[in-house]
Amino acid sequence: MNKTINVGIIGVGVVGSAVVLLLEQNREVISARAGANIVIKKGVVRDRSKTDERVKIPLTNDINDILDDDEIDIVLELMGGIDLAYEVAQKALKNKKAFVTANKAMLAYHRYDLQQIANNTPIGFEASVAGGIPIIKALRDGLSANHIIGIRGILNGTCNYILTKMANEGLNFDECLKEAQKLGYAESNPTLDISGMDSAHKLIILASIAYGVNALPEDILIEGISKINQDDIFFANEFGYIIKLLAIAKKNGDEVELRVHPVMVSKNEMIGKVSGVMNGISVIGDKVGETMYYGAGAGGNPTASAVVSDLIEIARNSSSPMLGFRKPLESGLKLKPIASIESRYYLRIKVIDKAGTLAQITSILGDNGISIKMLLQRESNDTGFATLLLSTHKSNELSIQKAIENLCTLNIIYDKPYMIRIEE
Ligand SMILES: NC(=O)c1ccc[n+]([C@@H]2O[C@H](COP(=O)([O-])OP(=O)(O)OC[C@H]3O[C@@H](n4cnc5c(N)ncnc54)[C@H](OP(=O)(O)O)[C@@H]3O)[C@@H](O)[C@H]2O)c1
């Protein structure tokens, strides 16, 4: 006779409902794999009338009904938010209940505290990064013999959908965002997604597992996609690039660089081929080489697939340490200062169209040690202006930011030049 593992779900919305239904629909295969019957004992919501009517579990409004129930083995937090979710996690772990969450925002701030409080009580968070793609287990367990050289991820399906649509259909950012909202890919308040913050939450979770670095979102470079326009798409296309919002982690010596920003990347690279609402992650290990993970990064069923994999792992009593290490991975690792990050750059500069303009721009770039690799000029519809699109040879952040600042002082410049990094 299988043992029974009782789960209490806090939050029975999109993901919570999908978890309840998945456990019912795939009950046999799950119990065979888990060696246990995983049963949802009760769920917490604020407003019962909003709950999916197919969900037939006892519901309560009181989170303590779950946290204080001695029969509940696993607390599953699927409500989102930071402070209350962290309180729930602490209380669950203090009560020696395993804790599973899909909440990247809370983990971005509290993963190390939780690892410490947990001691050996299992914590699962597979669904917090890239929804259905099992990237946490891949990085923590499958690649655990490697030094991780780098990670490049498309970790936000909303942004990837918008950028793909802009590239394929020639539409502007606002039109594509509206379409994403209409299709349910973007929230009515899409700020977390399009600002790059959601990807940053996920990147720093991955970086904790890969390097043991304890970064907060405010420690890293984060830029969103809202300023990208069709001139940028045109330039990228002309030179064989595609624009993606990438979350990048790289280790060099005792420094780790972590950043999220739009990138021009070759169309031929695997990561460049991840399109639409899908997520993709490339992880390079020193022994394994490049590995690539692709799949749905959000949505009820893909996310529930990841959540239930955590429940199964816990039911099997086979949990790994939360972040995958039992003592510090490497001592002395530090975050690379943003100013010393090196890259090639693309600049879009709207200028007054008159003789001598280009000379003034190249002179400022030259003064900052930056040389131009490729240059295109596009006429502006509004008379008297032109848009220069150029890429540079390798430089660094300090130089390019200084050059942009200097360019802004020229009276031939219409507005602040827009920059995108080129990943090669
Ligand atoms: N949706 C996805 O595709 C996806 C993918 C990966 C990760 N995640 C993460 O999964 C988590 C849940 O996302 P979701 O899309 O399922 O959210 P959702 O549809 O908004 O559901 C949230 C649920 O939590 C309940 N809730 C919220 N605050 C509560 C509180 N203070 N007390 C009691 N119940 C509360 C809500 O109840 P009411 O409805 O009654 O307010 C609702 O049942 C989030 O951390 C999210 O980042 C989601």
Side-chain angles (χ1 to χ4, degrees), residues 8-22 40 42-55 57-67 75-89 91-92 99-111 114 123-136 153-161 180-181 183-193 197-206 217 277-279 281 295-311:
I9 303 195
I10 302 179
V12 194
V14 173
V15 181
S17 308
V19 166
V20 173
L21 298 173
L22 190 164
I40 304 289
K42 59 185 114 157
V44 179
V45 292
R46 282 178 299 203
D47 176 357
R48 288 170 198 229
S49 69
K50 280 171 35 192
T51 309
D52 185 322
E53 60 189 22
R54 294 169 300 163
V55 169
I57 57 168
L59 292 174
T60 157
N61 301 118
D62 186 355
I63 291 175
N64 290 320
D65 285 348
I66 284 180
L67 295 173
V75 172
L76 176 50
E77 184 275 305
L78 296 173
M79 67 179 170
I82 297 182
D83 295 341
L84 181 59
Y86 179 46
E87 266 177 48
V88 162
K91 190 156 179 207
F99 178 71
V100 173
T101 183
N103 189 334
K104 55 252 171 180
M106 187 269 286
L107 291 172
Y109 288 93
H110 296 299
R111 61 205 181 282
L114 289 183
I123 298 182
F125 57 108
E126 182 61 70
S128 65
V129 180
I133 304 174
I135 187 63
I136 302 288
I154 293 177
L155 301 178
N156 186 279
T158 307
C159 290
N160 206 39
Y161 171 83
Q181 285 170 320
L183 293 170
Y185 297 150
E187 305 282 333
S188 50
N189 178 357
T191 315
L192 266 184
D193 292 329
M197 186 55 82
D198 174 75
S199 299
H201 289 158
K202 296 166 180 169
L203 176 68
I204 61 179
I205 293 171
L206 294 182
V277 80
M278 302 306 275
N279 281 197
I281 307 155
N301 279 332
T303 311
S305 155
V307 168
V308 174
S309 81
D310 284 339
L311 302 180

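Atoms within a ligand are numbered from 1 in the order they appear, just like the ligands themselves.
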K.L.:
Among all residues two or more places apart in sequence or in another chain, which pass the side chain to side chain contact (heavy atoms under 4.5 Å, CB included) test with I82?
P.N.:
A105, Y109, H110
K.L.:
State which residue, out of L84, T101, L78, V75, fulfils the side-chain contact (heavy atoms from CB on, under 4.5 Å) condition with I10.
P.N.:
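Only match with I10 under side-chain contact (heavy atoms from CB on, under 4.5 Å): V75.
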K.L.:
At less than 4.0 angstrom from any atom of ligand 1, which residues have a non-hydrogen atom? List them by chain and residue number.
P.N.:
G11, V12, G13, V14, V15, V44, V45, R46, D47, K50, L78, M79, G80, L84, A102, N103, K104, A127, A298, G299, T303
K.L.:
Salt bridge check: are D198 and K104 linked by an N-O gap of less than 4.0 Å?
P.N.:
yes
K.L.:
Looking only at heavy atoms, what is the nearest atom pair of A127 and V307, with distance?
P.N.:
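The pair with the smallest heavy-atom distance is CB-CG2, 3.6 Å.
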K.L.:
With sequence neighbours left out, what residues match D62 under side chain to side chain donor-acceptor pair (under 3.5 Å)?
P.N.:
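D62 satisfies side chain to side chain donor-acceptor pair (under 3.5 Å) with no other residue.
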K.L.:
What residues form a salt bridge (Lys or Arg N to Asp or Glu O under 4.0 Å) with R54, not counting sequence neighbours?
P.N.:
D52
